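Working notes, beginning with the structure itself.
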Amino acid sequence: MLILTFALGVLSLASAALASPWVTNSGPTTPFEALISAEYKTAWLIDSQNYTALGEVFTDDIIYDSTDLGAYGGRAEGLEAAASALRALGNGARVSHLVTNTLVLDAITPKKWRVLTYITWSRWVDGALDDITKTWRIFYRCDDIWVIQDGVWKLQYSKVLNMGYGAEAPYYGEKN
Ligand SMILES: *[C@@H]1O[C@H](CO)[C@@H](O)[C@H](O)[C@H]1NC(C)=O
């Protein structure tokens with residue numbers, strides 16, 4: 001009886017979850033939600049070092065300009081150049097891109113938006129956690145152009161602007 005009660009409890013919890021407005025299998029339903037998803041997917045592809053899939057979120061003619069970050073940035077023209085710059089940054093490191101504050105500045109056309117986004121970019125190299133040329137955190141914003149191609153949002157132009165003073169050294173306390 002106890003087991004049956006427990007089983008029923010689990011069942012009703014499961015159906016409550018299905019009926020909840022917060023749980024849905026429909027995925028992004030508006031262009032804005034699809035854009036946010038594309039931003040998160042971009043971060044996930046970069047952070048999981050899945051560079052060969054970047055064409056799903058970058059246009060072939062992407063221009064990525066992070067020269068404002070000085071030695072920590074650069075300018076890449078085209079999908080291949082952008083992917084290989086990201087590959088070099090991920091080499092031997094762990095990376096994390098936290099994507100927030102997505103603000104649509106201008107819906108230039110329904111399929112071309114100018115979007116401002118904040119990014120917190122962390123990079124760690126094991127064994128070099130106190131070396132700021134390898135392990136760092138940078139707060140920046142991107143002034144981007146996203147376009148809908150093949151039915152999905154893709155990044156076509158990104159201008160990165162430093163929000164703080166540059167790279168910060170994360171603090172890990174005393175080394176053992
Ligand atoms: C890379 O991303 C693609 C699509 O987004 C996915 O299908 C594939 O499994 C990923 N590859 C790896 C190694 O995670």
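Here the structure is a predicted model, which is why all the values come from computation and not from measurement. Both counts, for ligands and for their atoms, begin at 1 and track the order of listing.
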With no hydrogens and no angle check, do the side chains of Asp144 and Ser158 hold a donor and an acceptor under 3.5 Å apart? yes
State, without any angle test, whether Asp61 and Thr59 hold a side-chain donor-acceptor pair at a distance under 3.5 Å. yes
Looking at Asp68 and Lys159, is any side-chain nitrogen of the basic one under 4.0 Å from a carboxylate oxygen of the acidic one? no
Please assess Leu45 against Val57 for the test side-chain contact (heavy atoms from CB on, under 4.5 Å), listing each intermediate value before the final yes or no. CA-CA 9 Å; Leu45 291 179; Val57 290; 3.9 Å; yes
At their closest point, which heavy atom of Thr102 faces which heavy atom of Glu39, and how far apart are they? OG1-OE1, 2.6 Å
What class does the angle between the rings of His97 and Trp121 fall in, given that below 30° is parallel, 30 to 60° is tilted and above 60° is perpendicular? parallel
I'd like the atom pairs linking ligand 1 to the protein - N or O on both sides, separation under 3.5 Å - with distances to 0.1 Å.
residue  : atom   : partner : partner atom : Å
ligand 1 : 2 (O)  : Asn50   : ND2          : 2.4
ligand 1 : 5 (O)  : Glu56   : OE1          : 3.0
ligand 1 : 11 (N) : Asn50   : ND2          : 2.9

